[in-house]
Asker: 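I am attaching a structure below and will ask some questions about it afterwards.
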Amino acid sequence: MVIGKSVRSAWVGVACVACVLFSNIAHGGSPSAVDENSAGQKVTDPSAAEPNNANDITDTIVVTASRTRTRLSELPQAVTVIDQQVLEEPNQGLGIDEWLNRSPGVFFQNRYNFAQNIRISIRGFGARAPFGVRGIQLINDGFPETLPDGQSQVDSLDLQSLVSAEVIRGPSSVLYGNAAGGVIALQTRDGEGLEPTVHADLGLGADGYKKIGLQAGGQWDGAHGWLSVSDLDFDGQRAHSSTSKRLLNANGVVALGPSQRLRLAVTILDQPFGQDPGALTREQVAADRWQASAQAESLNSGQTVRQERVGLAHEFDLSNKTTVSSYLFRSSRDFEQQLPSSFFPSLIAFQREFYGLGSSAQWVGPNGWRLTAGLDWAKQDDDRQRYRVNAQGVVVAQTQNERQQADSQAAFIQADRQWGDWSLQLGARYDDLRLTIDEFNVPAAGSAGQAFNEWSLMAGASYQLRPRLWGFVNYSEGFESPTFTEIKDLTGGGGFSRNLSPAHAKNYEVGLRAFWPDGQMEASLFQVDTRDEIVVVGAFDGVDIYDNAGKTDRVGFEFGMEQALSDAISWSMAYTYADYRFGQFALDGQSFDGNALPGLPDHTVFSQVKWQASDAWSMFLDALWVGSVFADNANLERVKSYGLVNWRAQYEHDLDDASRLQWSVGINNLFNQAYFSNIRVNANRGAYFEPGPGRAWFMGLTWQR
């Protein structure tokens with residue numbers, strides 16, 4: 001492994017942090033009791049070693065996204081765990097970034113375009129997505145949201161009932177296969193351990209923001225469950241940027257005896273419209289940053305979505321040493337989108353079926369070994385159409401009519417062991433992915449298919465340097481196949497662009513993780529070597545064209561910390577340094593070697609101060625600073641850095657012995673900063689920019705009984 005100059009410089013910072021931590025931990029005294037929600041959701045972990053102290057934070061934070069229940073302190077990977085207390089802080093609830101901004105290594109764009117959806121990248125993976133999420137695995141209540149071809153959507157996530165979020169930062173194909181440049185695993189409330197209760201929520205704010213929510217559930221004898229419904233309407237500050245969305249999420253668990261549990265999860269999404277204002281050129285931004293692009297309003301660009309998902313999960317404790325977990329799910333999605341241009345086939349529609357199942361067994365063996373093995377299978381079936389429209393939005397021709405199918409099957413095995421101060425984790429996975437396109441508009445094309453067979457490996461170790469300080473090293477691999485959007489042949493012949501290969505990544509990281517009575521921190525240094533990175537190289541008839549870059553090099557430093565400054569004030573921060581560059585990439589005779597990957601900042605900082613004035617009053621002040629980015633592969637278009645400050649306050653009081661009222665108010669972009677919430681990388685005609693909103697207020701009211 002070759003560490004670049006910038007990584008060696010970052011390592012100096014890690015060494016300084018380590019010195020401070022050694023001093024802090026050595027003189028911190030014995031561990032004190034930690035509130036259940038102060039640093040992570042406490043989870044009972046029957047498969048982990050017995051805790052040293054029932055009140056010790058190092059024993060109470062358990063990570064499950066790693067597919068083995070492992071205490072965070074012993075996990076040899078860079079991981080962020082966001083607990084229920086943070087997820088219940090007053091927020092507007094427009095996007096998952098409102099909570100996950102506190103994770104280093106994670107970058108969000110496109111928050112206010114509800115037709116394109118929020119774009120998430122982890123260590124650079126996912127940054128190239130024109131819309132939705134690419135290159136990152138999303139897990140919701142234990143069920144995959146990521147399709148076999150690597151695409152994900154976030155519009156069906158129930159933000160108002162989230163209780164846990166785990167982020168694995170770095171390639172993790174050994175855990176979840178294709179497009180696992182990082183993992184985000186979310187868990188919504190299921191009523192466990194709660195008295196039957198009901199919550200009613202009302203949110204109002206600037207730019208036509210209105211949200212109504214209802215939640216109810218609890219635990220009854222051998223069963224528990226939770227129902228969450230919400231209704232969101234939002235106009236937005238830019239012209240033609242409004243949305244309307246209805247969401248139902250239900251989660252229930254029933255005991256089938258002393259050793260078995262069955263979970264049922266149901267999600268229904270109805271988005272009648274999510275308008276797309278399009279991107280602007282610099283000249284258009286200077287003239288009017290709140291305008292929509294030229295044809296957005298005349299074409300009524302945007303999307304409509306209807307999605308339903310049902311999933312079943314079963315857990316069976318065969319003995320005190322063996323546990324078997326299984327799941328199955330089915331999801332359907334009806335989708336239609338008009339892009340804001342009539343200069344190319346811009347009306348898209350598809351009807352999707354996505355279903356799968358899997359099973360894994362965990363066995364605790366002799367000498368401290370724990371073995372986990374399993375199988376995953378999933379299928380994606382899209383009936384996809386594309387149309388050309390005139391300037392008035394009337395369909396004039398159909399340019400695509402095909403069936404796209406992706407079949408994925410995989411087998412994986414993991415082994416971990418703890419002895420003394422050491423923890424070891426090993427893993428391997430084999431994925432068989434097959435993509436098929438049946439083109440109906442071009443009969444001569446017939447059926448085309450491609451197959452990808454991939455092995456992924458992982459090895460990591462952590463070592464307890466001091467009673468509250470761990471060091472870890474990790475090697476992991478990832479692969480990312482082209483999605484159907486990227487691999488489609490655009491020349492009219494049907495089938496595939498056959499020169500597009502999967503991207504392969506090797507991730508090396510070393511880090512420190514520490515806990516003390518009133519805080520915790522994690523610092524990690526990483527290098528990711530990627531070959532055949534899939535990048536945008538141009539457009540054909542208005543549709544992006546992709547190719548493989550020979551090589552990209554990514555090095556970086558991530559640091560996250562939480563600290564109680566007093567009994568009333570706490571502080572948290574996350575910092576990311578990223579140096580992501582093309583190693584070998586040339587196009588049309590032009591070399592981009594050494595250029596920065598577009599759309600990704602070199603520095604990001606998040607910081608939050610919380611003031612708990614009393615049991616009733618609390619206030620939050622958070623800031624996000626994003627460094628400059630390039631908008632194109634040639635690095636000719638540079639977008640300046642920006643900083644945002646948000647303020648929120650909350651007041652709670654009892655109405656009577658059985659009911660409680662919570663008030664909240666907030667101001668986003670407190671100083672009215674002009675910035676871009678999204679950059680469309682390598683866009684045509686210089687239309688890179690989607691301006692973010694200025695200062696905007698919101699308020700919320702929650703009644704609980």
Asker: Looking just at side-chain N and O atoms, do Glu558 and Ser524 make a donor-acceptor pair shorter than 3.5 Å?
Answerer: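 Judged by distance alone, the side chains do pair up.
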Asker: Might you point out which heavy atoms bring Trp220 and Gly225 nearest each other, and give the distance in Å?
Answerer: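 Closest heavy-atom pair between Trp220 and Gly225: CZ3-N, 4.0 Å.
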Asker: Going by the angle between their ring planes, with limits at 30° and 60°, are Trp663 and His653 parallel, tilted or perpendicular?
Answerer: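 If you compare the ring of Trp663 with that of His653, the planes turn out parallel.
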Asker: Please name the residue in the list Ile136, Thr146, Asn140 that meets the side-chain contact (heavy atoms from CB on, under 4.5 Å) test with Ser152.
Answerer: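 Result: among Ile136, Thr146, Asn140, Thr146 is the only option passing the side-chain contact (heavy atoms from CB on, under 4.5 Å) with Ser152.
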Asker: For Ser242 and Gln275, test the side chains for any donor-to-acceptor distance below 3.5 angstrom and give the result as yes or no.
Answerer: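 Gln275 and Ser242 do have a side-chain donor-acceptor pair below 3.5 Å.
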Asker: If you round to the nearest 0.5 Å, how far is CZ of Phe125 from CZ of Arg134?
Answerer: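 Rounded to the nearest 0.5 Å, the CZ-CZ separation comes to 15.5 Å.
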Asker: With no hydrogens and no angle check, just 3.5 Å: does a side-chain donor-acceptor pair link Glu74 and Trp470?
Answerer: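 Short answer, no.
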Asker: Assess whether salt bridge (charged side-chain N to carboxylate O under 4.0 Å, His left out) is satisfied between Glu145 and Arg309, documenting all intermediate values.
Answerer: CA-CA 10 Å; Glu145 292 286 344; Arg309 186 204 68 185; 3.1 Å; yes
Asker: Tell me whether Trp697 at atom CH2 has more than 12 heavy atoms from other residues, nucleotides or ligands lying less than 6.0 Å away.
Answerer: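 Enclosed.
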Asker: Any side-chain heavy atom of Lys210 sitting closer than 4.5 Å to one from Asp231?
Answerer: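 With C-beta onward as the side chain, the pair stays apart.
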Asker: Between Val665 and Trp647, does a side chain to side chain contact (heavy atoms under 4.5 Å, CB included) hold up when you go through it step by step?
Answerer: CA-CA 8 Å; Val665 62; Trp647 171 84; 3.8 Å; yes
Asker: Would you compute the distance between atom CG of Leu175 and atom OG of Ser66 and round it to the nearest 0.5 angstrom?
Answerer: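 One finds 7.0 Å between CG of Leu175 and OG of Ser66.
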Asker: In the structure I gave you, are the side-chain heavy atoms of Arg189 and Glu88 within less than 4.5 Å of one another anywhere?
Answerer: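 They are in contact (side-chain heavy atoms under 4.5 Å apart), so the answer is yes.
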Asker: Would you say Asn672 has more than 12 foreign heavy atoms packed within less than 6.0 Å of its CG?
Answerer: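 Enclosed.
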Asker: Where the side chain of Arg513 meets the backbone of Leu72, is there a donor-acceptor pair that is under 3.5 Å apart?
Answerer: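 Looks like yes, one N/O pair under 3.5 Å.
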Asker: Any idea how Tyr112 and Phe234 line up, ring-wise: parallel (<30°), tilted (30 to 60°), or perpendicular (>60°)?
Answerer: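 If you compare the ring of Tyr112 with that of Phe234, the planes turn out tilted.
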Asker: Do the side chains of Arg102 and Glu562 get close enough for a salt bridge, i.e. N-O under 4.0 angstrom?
Answerer: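 Looking at Glu562 together with Arg102, the answer is no, because their closest N to O distance does not fall below 4.0 Å.
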Asker: About how many Å separate CD of Glu353 and NZ of Lys379, when rounded to the nearest 0.5 Å?
Answerer: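 Lys379 atom NZ to Glu353 atom CD measures 11.5 Å (nearest 0.5 Å).
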Asker: Do Tyr176 and Phe412 make the cut of ring centroids closer than 6.0 angstrom?
Answerer: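 Between Phe412 and Tyr176, which both carry aromatic rings, the centre distance is not below 6.0 Å.
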Asker: Do Gln303 and Asp276 meet the criterion of a side-chain donor-acceptor pair at a distance under 3.5 Å?
Answerer: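 Their side chains do not contain a donor-acceptor pair, so the 3.5 Å distance test is not met.
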Asker: Let's go through Trp611 and Leu565 carefully: what are the C-alpha distance in whole Å and the side-chain angles of both, what is the deciding distance for side chain to side chain contact (heavy atoms under 4.5 Å, CB included) to 0.1 Å, and is it a yes or a no?
Answerer: CA-CA 10 Å; Trp611 177 39; Leu565 302 178; over 6 Å; no
Asker: Check the pair Asn117 / Asn110 against side-chain hydrogen bond (donor to acceptor under 3.5 Å, both in side chains), numbers first and verdict last.
Answerer: CA-CA 6 Å; Asn117 279 315; Asn110 218 33; over 6 Å; no
Asker: With respect to Gln612, which candidate in Ser618, Ser570, Ser566 satisfies the side-chain contact (heavy atoms from CB on, under 4.5 Å) definition?
Answerer: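 Single side-chain contact (heavy atoms from CB on, under 4.5 Å) partner of Gln612 among Ser618, Ser570, Ser566: Ser618.
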Asker: Within a 6.0 Å radius of atom CG on Asp656, are there more than 12 heavy atoms belonging to other residues, nucleotides or ligands?
Answerer: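 Counting neighbours around CG of Asp656, more than 12 heavy atoms of other residues, nucleotides or ligands fall under 6.0 Å, so yes.
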Asker: List the steps and the verdict of side chain to side chain contact (heavy atoms under 4.5 Å, CB included) for Arg333 and Gln153.
Answerer: CA-CA 11 Å; Arg333 184 178 177 93; Gln153 303 294 332; 3.8 Å; yes
Asker: Going by side-chain contact (heavy atoms from CB on, under 4.5 Å), Leu248 matches just one of Leu227, Leu269, Asp270. Which one?
Answerer: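 Option passing the side-chain contact (heavy atoms from CB on, under 4.5 Å) with Leu248: Leu227.
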Asker: For the residue pair Glu308 / Ser332, report whether a side-chain donor-acceptor contact shorter than 3.5 Å exists.
Answerer: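 Present: a donor and an acceptor within the cut-off.
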Asker: Checking Thr188 against Asn249 for the side-chain hydrogen bond (donor to acceptor under 3.5 Å, both in side chains) test, could you report, in this order, the C-alpha distance in whole Å, the side-chain angles of both residues, the deciding distance, and whether it holds?
Answerer: CA-CA 9 Å; Thr188 61; Asn249 186 59; 3.3 Å; yes
Asker: Do Val106 and Asp97 come within less than 4.5 Å of each other through their side chains, counting heavy atoms only?
Answerer: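 A side-chain contact is absent here, since even the closest heavy-atom pair is not under 4.5 Å.
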Asker: Looking only at heavy atoms, what is the nearest atom pair of Ala378 and Pro148, with distance?
Answerer: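 Smallest interatomic distance, heavy atoms only, reads CB-CG, 3.9 Å.
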Asker: Would you say that more than 12 heavy atoms from the other residues, nucleotides or ligands in this model lie under 6.0 Å from the CH2 of Trp377, or not?
Answerer: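 Enclosed.
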Asker: Just do the side-chain hydrogen bond (donor to acceptor under 3.5 Å, both in side chains) check on Arg370 and Thr70 with the steps written out, would you?
Answerer: CA-CA 11 Å; Arg370 182 173 54 171; Thr70 306; 3.1 Å; yes
Asker: The test is side chain to side chain contact (heavy atoms under 4.5 Å, CB included); show your working for Phe335 and Gln307 and say whether it passes.
Answerer: CA-CA 8 Å; Phe335 177 90; Gln307 178 173 315; over 6 Å; no
Asker: Angle class for the Trp617/Tyr651 ring planes (parallel below 30°, perpendicular above 60°, tilted otherwise)?
Answerer: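 It falls in the tilted class, 30° to 60°.
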Asker: Between Gln704 and Thr197 (side chain of the first, backbone of the second, donor and acceptor by atom type, cut-off under 3.5 Å), is there such a pair?
Answerer: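 Checked: no pair found.
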Asker: Given side-chain hydrogen bond (donor to acceptor under 3.5 Å, both in side chains), test Thr243 with Gln271 step by step and report yes or no.
Answerer: CA-CA 8 Å; Thr243 190; Gln271 185 184 23; 3.0 Å; yes
Asker: Roughly how far, to the nearest 0.5 Å, is OG1 of Thr267 from CZ of Phe329?
Answerer: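 Output value for this atom pair is 12.0 Å.
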Asker: If you measure only the distance, is there a donor-acceptor pair under 3.5 Å linking the side chains of Asp190 and Asn251?
Answerer: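 No.
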Asker: Indicate whether any N or O donor in one side chain lies under 3.5 Å from an N or O acceptor in the other, for Gln160 and Ser228.
Answerer: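 A donor-acceptor contact under 3.5 Å links the two side chains.
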Asker: Rounded to the nearest 0.5 Å, what separation is found between the CD1 atom of Ile96 and the CD1 atom of Ile82?
Answerer: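 Here the interatomic distance stands at 7.5 Å.
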Asker: Indicate the atoms forming the closest heavy-atom contact of Ala574 with Ser103, along with that distance.
Answerer: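 Distance-wise, the nearest heavy atoms are CB-C, 4.2 Å.
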Asker: The test is salt bridge (charged side-chain N to carboxylate O under 4.0 Å, His left out); show your working for Arg263 and Glu315 and say whether it passes.
Answerer: CA-CA 9 Å; Arg263 175 186 294 271; Glu315 295 182 8; 6.0 Å; no
Asker: What residue among Leu138, Ile168, Leu157, Val133 forms side-chain contact (heavy atoms from CB on, under 4.5 Å) with Ile184?
Answerer: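 Result for side-chain contact (heavy atoms from CB on, under 4.5 Å) with Ile184: Leu138.
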Asker: Hey, what do you get for OG (Ser677) to CD (Gln109), rounding to the nearest 0.5 Å?
Answerer: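 Nearest 0.5 Å value for the OG-CD distance: 8.0 Å.
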Asker: Please determine, by modelled atom types, if Gln260 and Asp317 share a side-chain donor-acceptor pair under 3.5 angstrom.
Answerer: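 Looking only at side-chain atoms, Asp317 and Gln260 do not form any donor-acceptor pair under 3.5 Å.
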Asker: Lys245 and Asp155: salt bridge (charged side-chain N to carboxylate O under 4.0 Å, His left out), yes or no, with the steps?
Answerer: CA-CA 9 Å; Lys245 186 169 77 170; Asp155 47 17; over 6 Å; no
Asker: Are Glu98 and Arg648 close enough for a salt bridge, meaning some N to O gap below 4.0 Å?
Answerer: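 Salt bridge absent between Glu98 and Arg648.
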Asker: Quick one: do the Gln563 and Trp516 side chains pair a donor with an acceptor below 3.5 Å?
Answerer: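 Distance-only check passes for Gln563 and Trp516.
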